[in-house]
Amino acid sequence: MNQDVRLCEVGPRDGLQMAKGMMPAADKLRWIRQLASAGLREIEVGSFVSPRLVPQMADTGVILPEVLKIDGLTVCALACNLKGAIAAYEAGAHVLSFPISVSDTHSHANVGKGTDAQVEMMASIVDWVRSQPRPMRIDAAVATAFGCSMEGGVPVRRVALVAAAVARTGVDEIALADTVGYAHPAQVRDVVRATQDAVGSQLTKLHLHDTMGLGLANALAGLNEGIRSFDSCLGGLGGCPFAPGASGNIVTEDLVFMLESMGYRTGVDLPRLLAARGLLADALPEETLRSGVAAAGIPKTFYAGANAVA
Ligand SMILES: CC(C)(COP(=O)([O-])OP(=O)([O-])OC[C@H]1O[C@@H](n2cnc3c(N)ncnc32)[C@H](O)[C@@H]1OP(=O)([O-])[O-])[C@@H](O)C(=O)NCCC(=O)NCCSC(=O)C[C@@](C)(O)CC(=O)[O-]
C-alpha cells in the first residue's frame with residue numbers, strides 16, 4: 001500500500017481569504033518560505049479573483065513570481081473564471097485550482113454562476129491551457145460535496161454526476177471539498193466510493209473543513225478509501241467567505257502528526273512546521289490558531305515509532 005501522502009498547504013489562500021486582518025505581502029512571502037522549508041512541497045499561494053470581493057488575495061500577482069524562486073516548490077493558485085486562469089498561467093503557476101460547487105445556490109454566491117455554467121467555464125479553461133506552450137496542472141475542487149449551508153443535504157448521486165461532468169472537461173485531478181465541514185466518516189467513504197466509480201483515478205484529493213471537529217476522522221476515512229492527497233491549513237484557518245457558516249480547514253500540524261504517527265510519509269518536519277505558526281500569530285493577532293499538537297507539544301513517543309528520527 002502506498003504510504004506517501006501529498007499535502008497541499010492552502011493557508012496563504014484559503015487560510016487568509018476570510019481573515020479579519022490583511023497580511024502584508026512581505027509577511028506572506030516569509031510565511032510561504034517557512035512552510036516550504038518545513039518540507040511542504042505544494043502550497044496554494046493565493047487566488048486570482050475580484051480584489052473587491054476578496055481583498056486579502058489582491059497581491060497574489062506580486063507573491064507568485066517570488067515564490068516561484070523557491071527550489072522544488074509546486075506553486076498552486078486558485079481562479080474562478082477564464083480571466084483568473086489566464087492571470088495564474090501568465091504569472092507562472094504550476095497548478096490551477098478551480099472550484100465547481102455541486103450546490104447551485106453556493107455556486108451562484110461564490111462565483112456568480114450556476115454549477116452547469118461553471119463546468120462549461122472549466123472546459124473553456126482546459127481548452128485554453130492545453131493550447132499554451134507551457135503545461136499547467138489543472139485541479140478541480142468539487143465543492144459542497146458533503147452538504148451545503150444554503151441548500152442542505154447534497155445527494156451522493158449528484159456529487160458523482162457533477163464530478164463526471166468535471167472529469168469530461170479533461171482536468172488533471174479532482175478533489176472533493178467539504179466546504180462547510182458537515183461531512184462525517186461514513187459519508188466520506190460513500191461519496192469517495194461513488195466518485196471513484198464515476199471518475200476513477202482522476203479523484204485524487206480531499207479538501208476538508210473542521211466545523212464539526214470531524215476533519216481528521218474524515219481524512220482517515222479518505223485514507224482508508226485510497227486517497228493520498230489532502231489540502232490543509234496551518235493553524236486551521238480558512239473558510240469560503242461565500243458559504244455561510246464555513247469555518248477553518250483541517251489543521252496541517254495535526255494532520256502531519258496523525259499521518260506520520262501512523263507510518264505515512266509526508267516529508268514534513270513537524271518542529272519546523274510548528275515554528276511557522278509564530279509568524280502567522282504575529283501577523284494576524286485577531287485570529288485564533290488551532291492545533292492539538294501545538295497546544296500539547298510533540299510527545300517523545302512521536303519520535304519512537306515508525307517515524308523515528310535517526
Ligand atoms: C468569480 C468572480 C471573479 C466572478 O467573475 P465574473 O463572472 O467575471 O463576474 P463579473 O464580470 O460580474 O465581475 C465581478 C467583478 O470581479 C472582477 N473580476 C472578474 N474576474 C476577475 C479576476 N479573475 N480577477 C480579478 N477581478 C476579476 C470584475 O472586474 C468585477 O469587478 P467590479 O467591477 O465588480 O469591481 C467573482 O465572483 C469573484 O471573484 N468571486 C470570489 C470567489 C472566491 O474567491 N471564492 C473563494 C474561493 S473558492 C473556495 O473557497 C472553496 C474551496 C476551493 O476552498 C473549496 C471548498 O472548501 O469548497
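Numbers for residues simply follow the sequence, beginning at 1. Order of listing sets the numbers, starting from 1, for every ligand and every atom in it.
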[X] with [Y]: basic N within carboxylate O range, under 4.0 Å:
| X | Y | answer |
| --- | --- | --- |
| R193 | D190 | no |
| D172 | R130 | yes |
| E151 | R158 | no |
| R277 | E253 | yes |

Judging by distance only, is a nitrogen or oxygen of [X] under 3.5 angstrom from one on ligand 1?
| X | result |
| --- | --- |
| L53 | no |
| S50 | yes |
| D178 | no |

Does CZ belonging to R134 count more than 12 external heavy atoms closer than 6.0 Å?
yes

Side chain, backbone, both or neither: which part of N81 has a heavy atom under 4.0 Å from ligand 1?
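Side chain only.
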
Select one of side chain, backbone, both or neither to describe which atoms of M57 lie under 4.0 Å from any atom of ligand 1, heavy atoms only.
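Within the 4.0 Å criterion, M57 makes no contact with ligand 1.
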
For the pair W128 and Y89, name the ring-plane relationship: parallel under 30°, tilted 30 to 60°, perpendicular over 60°.
perpendicular

Give the atom numbers and elements of ligand 1 that come within less than 4.0 Å of a heavy atom of [X].
| X | result |
| --- | --- |
| K113 | 7 (O) |
| R13 | 47 (C), 49 (C), 50 (O), 52 (C), 53 (C), 54 (O) |
| F242 | 41 (C), 42 (C), 43 (C), 45 (N) |
| L78 | 47 (C), 53 (C) |

Measure from atom 30 (C) of ligand 1 to the protein's non-hydrogen atoms and state whether any distance is below 4.0 Å.
no

Check whether the side chains of S107 and Q118 place a donor and an acceptor atom closer than 3.5 Å, and report yes or no.
no

Side chains of T115 and D104: any donor to acceptor distance under 3.5 Å?
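Per modelled atom types, D104 and T115 side chains form a pair under 3.5 Å.
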
Do me a favour and list the nearest non-hydrogen protein atom to atom 4 (C) of ligand 1 with residue, atom name and distance?
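Ranking protein heavy atoms by distance from atom 4 (C) of ligand 1, first comes V111 O, 3.7 Å.
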
